[in-house]
Number of protein chains: 2
Amino acid sequence: MATGRTHRPATRSRGIPEATVARLPLYLRALTALSERSVPTVSSEELAAAAGVNSAKLRKDFSYLGSYGTRGVGYDVEYLVYQISRELGLTQDWPVVIVGIGNLGAALANYGGFASRGFRVAALIDADPAMAGKPVAGIPVQHTDDLEKIIDENGVSIGVIATPAGAAQPVCDRLVAAGVTSILNFAPTVLSVPDGVDVRKVDLSIELQILAFHEQRKAGEEAEAQAGAAAAPAERGNDDKGPDGDVPAVMPA
Amino acid sequence: MATGRTHRPATRSRGIPEATVARLPLYLRALTALSERSVPTVSSEELAAAAGVNSAKLRKDFSYLGSYGTRGVGYDVEYLVYQISRELGLTQDWPVVIVGIGNLGAALANYGGFASRGFRVAALIDADPAMAGKPVAGIPVQHTDDLEKIIDENGVSIGVIATPAGAAQPVCDRLVAAGVTSILNFAPTVLSVPDGVDVRKVDLSIELQILAFHEQRKAGEEAEAQAGAAAAPAERGNDDKGPDGDVPAVMPA
DNA sequence: CGTTGTGAAACACTTCACAGCA
DNA sequence: TGCTGTGAAGTGTTTCACAACG
């Protein structure tokens, strides 16, 4: 996962577990694909496969939303798309600003997945005066000086930070002061925000580091297996990282 | 989510919990910053603050690695940097290929956070013949046709997919067939891979959708509080004397 | 002292397994 | 009959709280 929370869940939603919320977009994506293929209904088994989870989890997740299925049949695709969209708040329009229009900011501005889900890039903001006025993804870049005005005039409550690490906290502070209450942070730094403001982060290098950890472990296991260990190879592995392996670092006493 | 499961007692195995592994890069980043400021030691409290977690969790996490602290003093910064790096496998060089050199791929190629942590962009690959030979981030783009050869010659085991959704699975299949065993997927699609291959995904729009969910909830609470109205329809059974029932958060009346 | 390291308790999430309904 | 919805059991994670120790 690529993400983190800053402080308490505060209100534990309407009883919907955070883990479930995090999967709703996944279900929505799978359902949207089915909808485009005009599939009328889908079973928990099929939908789960399409979303990459197991069916018991999916049914449990849906049970938090309500009883939207029909026993013996499955779920109505269109209806479920609507219910999940509503639950996620995607039936309304969310104006978003992206701050920091470098490579990543530009990629985000161009990313089609936003517009198609109720997110509208209301403005692009960058500190470089040379960028001002230059269109990126068809939207003219504006200067940081006008940040507060832009937030205010567009009623923006969600901000995306794609600046260098050093600029992230000051930008964050200004966004929050201007009324933004949700922030998606791509800068590799910990942001501190007041209570009531949500921060999620995406750190590209963290994901790679986690992969490297498992990759290293695989290599260790191979070597070990080769060395003659019997090591029962797990039947039925889903996605599985074997237990031990790897050179002993320190045996915790 | 590419997470593993360790069935089997694992009594003595030094299995580090997945949640802990996911935080190690965070600690490492904080420690690196301290190291650059030549701070010699740090307490769990200070380091936890810098990493954005609480100190008990941090100590517990470190306890899985070994006893690297000194009671009454704290942790030696340099030593801890080394231990965590080693644990994550960052003391070795990881050649990585990026497939799909659009906006996002280019952003990734330019991202400094990789190189600084043992990841080396060994090659950039794109299906567009017009891109071939064009340097991005100083690295010439190569054509998809040569994918297998590139993987093989560079001993690549980690691949990054930044292609459009439709191209992701075929690219994934080829990467895996060529020997890649860890994949970081930016395409908004579920990849299926054989056992033994790790996939982690980063979906930009999913993060925004999660924010929208919470944002909507905030707005709802506000309105509710203001209207002093009693709660929502709540069309679902949910009796169960479950954990803590519904959370206060909203002061009704 | 002050801070780590860690059992034990609390909590969160997942999976099982099957009753109940269309 | 086939599939949903869900208690209950199982597993993983966080937090508490304090003994151990430099």
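Basis for what follows: all heavy atoms, side chains included, without hydrogens, waters or symmetry-related copies. In what follows, chains carry the letters A, B, and so on, assigned in the order in which the sequence lines appear, proteins first and then strands, with residues in each chain numbered from 1.
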query: Got a second to check how far A:Tyr27's OH is from A:Leu34's CG, nearest 0.5 Å?
result: 14.0 Å
- prompt: Which residues pass the side-chain hydrogen bond (donor to acceptor under 3.5 Å, both in side chains) test with A:Thr163, sequence neighbours left out?
  reply: none
message: If the cut-off is 4.0 Å, is B:Lys60 near the phosphate of C:dT6, judged by side-chain N/O to OP1 or OP2?
response: no
field: Members of residues 40-55 of chain A that approach DNA chain C, where some heavy atom sits under 4.0 Å away
entry: A:Asn54
message: Going by the rule side-chain contact (heavy atoms from CB on, under 4.5 Å), which residues pair with B:Ser157 if we only count those two or more places apart in sequence or in a different chain?
response: A:Glu215, B:Trp94, B:Thr181
query: Of the nucleotides D:dG5, D:dT14, C:dT14, which has the atom closest to the A:Ser63 side chain?
result: D:dG5
- request: May I ask you to verify if any side-chain N or O of B:Tyr68 is less than 4.0 angstrom from the OP1 or OP2 atom of C:dT3?
  value: no
Without placing hydrogens or testing angles, list every side-chain donor-acceptor pair under 3.5 Å for residues 35-42 of chain B, not counting sequence neighbours.
| residue | atom | partner | partner atom | Å |
| --- | --- | --- | --- | --- |
| B:Ser35 | OG | B:Glu78 | OE2 | 2.7 |

task: List for me each residue that meets side-chain contact (heavy atoms from CB on, under 4.5 Å) alongside B:Thr189, sequence neighbours excluded, and say none if there are none.
output: B:Ala165, B:Ala168, B:Asn185, B:Ala187, B:Leu191
- prompt: For every nucleotide of nucleotides 17-22 of chain C, 5' to 3': is a protein heavy atom under 4.0 Å from its base (B), only from its sugar-phosphate (S), or from neither (-)?
  reply: B-BBBB
- prompt: Does the ring center of B:Tyr79 lie less than 6.0 Å from the ring center of B:Tyr68?
  reply: yes
query: What's the spacing between A:Phe114 CZ and A:Ile158 CD1 if we round to 0.5 Å?
result: 10.5 Å
